[in-house]
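What you see is a predicted model; the values in this text were computed from it and never measured. Just so you know, residue 1 is the first one in the sequence shown, and it goes up from there.
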Amino acid sequence: MVFRLRPFVFRPVPLPPGPPVQRLSPLDRMETSMSPSVRSRPALLLQPLLQPIRFVRGYSRSALQADLVAGATVGLVLLPQALAFALLAGLPPEMGLYAAITAAIAGALWGSSSHLHTGPTNTASILALSVLLPIVEPGTPEFIAAAGLIAVLSGLIRLVMGLARLGMLVNFVSDSVAVGFTAGAGILIISNQLEGLLRLDLPATAGLLDTFSGVAQQITQTHLPSLLIGLLTIFVIQFLPCLTRKIPAVLGGIVGAAALAWFLGLEQRGVAVLGELPQALPPLAALPLLDLDLIGELANGALALAIIGLVEAVAIARALAGYSGQRLDSNQEFVGQGMANIAAGVFSGYPCSGSFNRSALSYRSGGATALTNAFSGIFIIGATFALGPLMAHLPRPVLAGALAITAFSMIDLVSMRQIWRGAPGDAAIMLVTLASTLLLPLQFAVLIGVLMSLGYYLLRTSTPQVQVVVPDPTFRHWEVRPGAPSSPQLVVVDILGDLYFGAVSHIEDRINTILESGPQRFLMLRMHNVQHCDISGIRALEHILRTMRQRGGDLFLVRVRAPVLHRMRATGFVDQLGADHILDEDGAVHHLFHHVLDPAVCIYECELRVFRECQNLPKRHLPDLALSAPEMNFPPPPSVTPKTLWEALRNPDPPLVVDVRERREFRLGHVPAALHLSLAELLAGPPVLPRDRPLILTDRSGRRSARAAAYLAANGYTNVHILAGGMITWEAANLLTAVET
C-alpha cells in the first residue's frame, strides 16, 4: 500500500486577446448609455408619416412605364366600380369618383403593399350604409356629410393603430385564411361579373346562391353580343402572353375588345356601356367636425369599419404578397389605410378599403410599385375630363370579362392542395374561410377566419407537447423513444411550449401522469422551448417542486432561457428551487449521477444502462433488499468533516473508517487505514462490525454511507457517523489518500 499526497495546484487560464479599447468622449458615452428606444422614439413615431418621401426617393424610373400602363388598366375598372359602389351606399355617384381618386393616391403613397388598391368597395359601401341608416335619413345633405365624417373617423382610428404599431394583430391571419379568402373572393368576383357578361338584371347585393339562382331563372334572356364580346376579352387576356410579352394582357384585351365592339357597332345592338361621367375635381367637404353628438353616434360604427376594413385590406395584401414575394409592413399598411380614408372623407368621398379585384388586376397587369394605384386615381381625373366621351362608350362586358379572368387566376389551387395535405387544423381553417366567403358577407368571412386562426393558435399553445426523452445511442442528444427503458431514479422531460396561464394545467397534468407511471424521485425539465413564463407558470413550477420533494426527490432545470430565468428570479422561484438546481445541460447528468442520484439503486436495483455514466458501473442485483429511500424513511445520520476525521485518525484510539464502495473504487483511492466493506456485503448478512468502537462510514459522495448508517442503526449500532460529502470532499480538502497498487 502506497500513500501519496495530492496537492492542489492553481493554474491560471490565459484569456484570449480582446478587441482594442475604444476611447469615447463624454458626449459619446452619454449617447451610448441611452437606450435605442429613447434615442429613436420621435423618429419611430414620425417614420410612418414620412413614407411618401422614402417612396419617391427610392422610386426607380425603370418601373414608370409598367406602373403607367397598369394604372390605366386598373383605372378602367375603377371608374364603373366607383360609380356603382357609391349608389350601393346610397350616395351620389360623384362621391364614388372622389373617393376613388383620393383614396387610391393616398393609399399608394402611405401604404406598404405594391399592389393593394384602396378605394370604394362592396364591403365598405354596405357597411357604411348599414351604419348610417339608423342615424341619418338617406338622400339628405346630413347623410352625405355623415358619410364623409365617418370616413374621417375610421381613418383616424386606423392611423392611430398604425402609429401605435398594432400591425402585429394581423399576424393572427394565417396563410390558410388568406388562401381560403382569396379563393372565395375570386369565385365571388366571377359570379358578380355574370350580370355584365350576360346582361341580366340581378340585385347588386345578391349573394352567391342568389346570383346563380337569378342566372338560372333568366338564362334565356342572355344577350348574345354581350356574352361574345366578354368571352373574346377573356380569350385575348388568356392567350395574348403566348404571342407577345410587350403588351400587357389585361390592357390589350380591354382595348382590343372595346375597339372591336366599336367597329361592329355593338352599342347599337344593346351592349351596355359605362355612360356619361361627371367632370369635376374632388372638392373639400363641409364636415360637421364639431358636432359631438353625431360623432358619438358614429363612433361605434367607425370602429367597426376601421377594424373590418383593416383585416380585409391586410388579408388582401398578404394574399397578393404570396404571389409577388413582397415583404409587408403591417403598421405602415394601417397608416396607409388611415390616410386613404381621411383623404376620402375630407375631399367629399366616403369610407374605403382594399379592393381584391382591383388589387389582383394591378398585379396581373404588371404593376411594379404602389405608384400603379396612384396612377389609377390620376387616370380617373384625366378620364373624366379628356377621355370622358370615349370612356362613356366602353362596353361593360369587356370590363366584366377582364375581372373574371383576373379573379380566376387568383384561385391558388397549388397552395390549397398543399394546405389540404398538411395539418388538419390548417385545412379546416381554409375550408371554413372559403365557405364563409362564399355564403356570408365578406367582413364576417374574414373575421371568422381570423377567429379560427386565433382559436387554433390558442389550442396549439395551450396543449404543448410534454414528452419523456432519453439519450440516443451515442449519448450526444436527447430523443423521444416510446417504450425505451428509463432510469428508475431520474426522468428527463422536454417541455415544447410556453408556460403561460393557458397551458399550465395541461403541462401539470402531463407531468403528473409521467410521474405516476414510474418510481422516479428526481425530475429534470429541459426548457429550451419555453420562451415565456408568466406567474401561472411560476405557480405550476412551484407545485411540481413541492411534489418532487414530497416524493423524497428534487427538481432540476436545464437550458432555461434568459427572460424565463429573469422571471424566476424576480418572483423568488430560484430561491425556492436553489440556484444550484439550474444546470448546464452538457454536464447535468454527470452532476446528478455523482452528486444526487443514489448509487445503491444504480448498482443493486437497476440493471439498465440509460446514461453514459452507467456504462462502466458495476451491477450487482440483490432482489431481497429494500433499498428505496421512501420505504426506508430513515433520518439523516450524523456526519463529520474531512478535517475532523483527519484529526481523529491521529489520536491514539482512532475510529474505524469503513468504505462501503465497490472494490475497484476503493483501490483507486481511499482514506488511509480504511476498512473496505461494500454496501452489498454489509447488507447481505448480519453486521460484523465492532459495536464498541466509533464507526465512520465513507463512500464517494455520502449517499451509500447514509444507507449503511441507517442499516446499522436499525441493528443496534449507536456510534455511527458518515464522512460528509464522502471522498469528493476528502480529496477537495487536499488530504492524504491511500492508493492500492
Side-chain angles (χ1 to χ4, degrees), residues 78-107 118-161 203-205 275-310 312-313 337-353 355 377 380-381 384 441-443:
L78 177 59
L79 260 174
Q81 286 191 348
L83 300 173
F85 290 149
L87 294 174
L88 182 61
L91 297 169
E94 56 269 20
M95 289 190 71
L97 287 180
Y98 301 151
I101 295 171
T102 54
I105 296 175
T118 305
T121 64
N122 191 6
T123 302
S125 300
I126 295 174
L127 283 175
L129 179 63
S130 63
V131 171
L132 296 176
L133 274 178
I135 301 174
V136 190
E137 183 179 354
T140 62
E142 291 79 10
F143 187 85
I144 295 175
L149 180 59
I150 198 173
V152 173
L153 293 177
S154 65
L156 288 173
I157 294 173
R158 302 180 205 201
L159 178 61
V160 170
M161 292 178 69
T205 58
E276 186 177 356
L277 304 176
Q279 297 181 354
L281 290 174
L284 287 172
L287 300 177
L289 298 176
L290 300 180
D291 191 344
L292 299 182
D293 293 335
L294 179 60
I295 292 176
E297 293 178 327
L298 296 177
N300 290 335
L303 180 61
L305 271 168
I307 294 177
I308 294 174
L310 283 176
E312 181 183 8
Q337 291 296 306
M339 295 298 289
N341 277 269
I342 293 173
V346 169
F347 289 97
S348 302
Y350 72 102
C352 300
S353 184
S355 168
I380 299 296
I381 299 176
T384 55
L442 201 59
Q443 65 272 20

side-chain contact (heavy atoms from CB on, under 4.5 Å) between N341 and L156, worked out: CA-CA 8 Å; N341 277 269; L156 288 173; over 6 Å; no
Please tabulate, one pair per line, all N/O donor-acceptor pairs under 3.5 Å involving side-chain atoms of residues 289-309, not counting sequence neighbours.
{"residue": "D291", "atom": "OD1", "partner": "D293", "partner atom": "N", "Å": "3.4"}
{"residue": "D291", "atom": "OD1", "partner": "L294", "partner atom": "N", "Å": "3.2"}

Heavy-atom pair of closest approach, residues P92 and I144: CG-CD1, 3.9 Å
Pairwise distance OG(S348) to CG(L287) - rounded to 0.5 angstrom: 8.0 Å
OG1 on T102 to CD1 on I380, rounded to 0.5 Å: 11.5 Å
Listed partners of A99 passing side-chain contact (heavy atoms from CB on, under 4.5 Å), at least two apart: P120, A344, Y350, C352
All side chain to side chain donor-acceptor pair (under 3.5 Å) counterparts of E94, not counting sequence neighbours: none
Closest approach of A285 to G345 (non-hydrogen atoms, all atoms of both residues): CB-O, 3.7 Å
Smallest separation among heavy atoms of T121 and S353, with atom names: CG2-O, 3.5 Å
Approximate separation, where rounding is to 0.5 Å, of L91 CG and S125 OG: 8.0 Å
Nearest heavy atoms of A340 and A103, plus distance in Å: CB-O, 3.7 Å
Euclidean distance, I342 CD1 relative to L159 CG, rounded to 0.5 Å: 5.0 Å
Shortest non-hydrogen separation from M339 to A106 and the atoms involved: O-CB, 3.8 Å
Distance (rounded to the nearest 0.5 Å) between M161 CE and Q337 CD: 12.0 Å
Test item: P138 and L132 side chains (from C-beta on) under 4.5 Å apart, heavy atoms: no
Nearest heavy-atom neighbours spanning P351 and A124: O-CB, 3.7 Å
CG on L129 to CZ on F143, rounded to 0.5 Å: 5.5 Å
Residue pair F347 / L281, side-chain heavy-atom distance below 4.5 Å: no
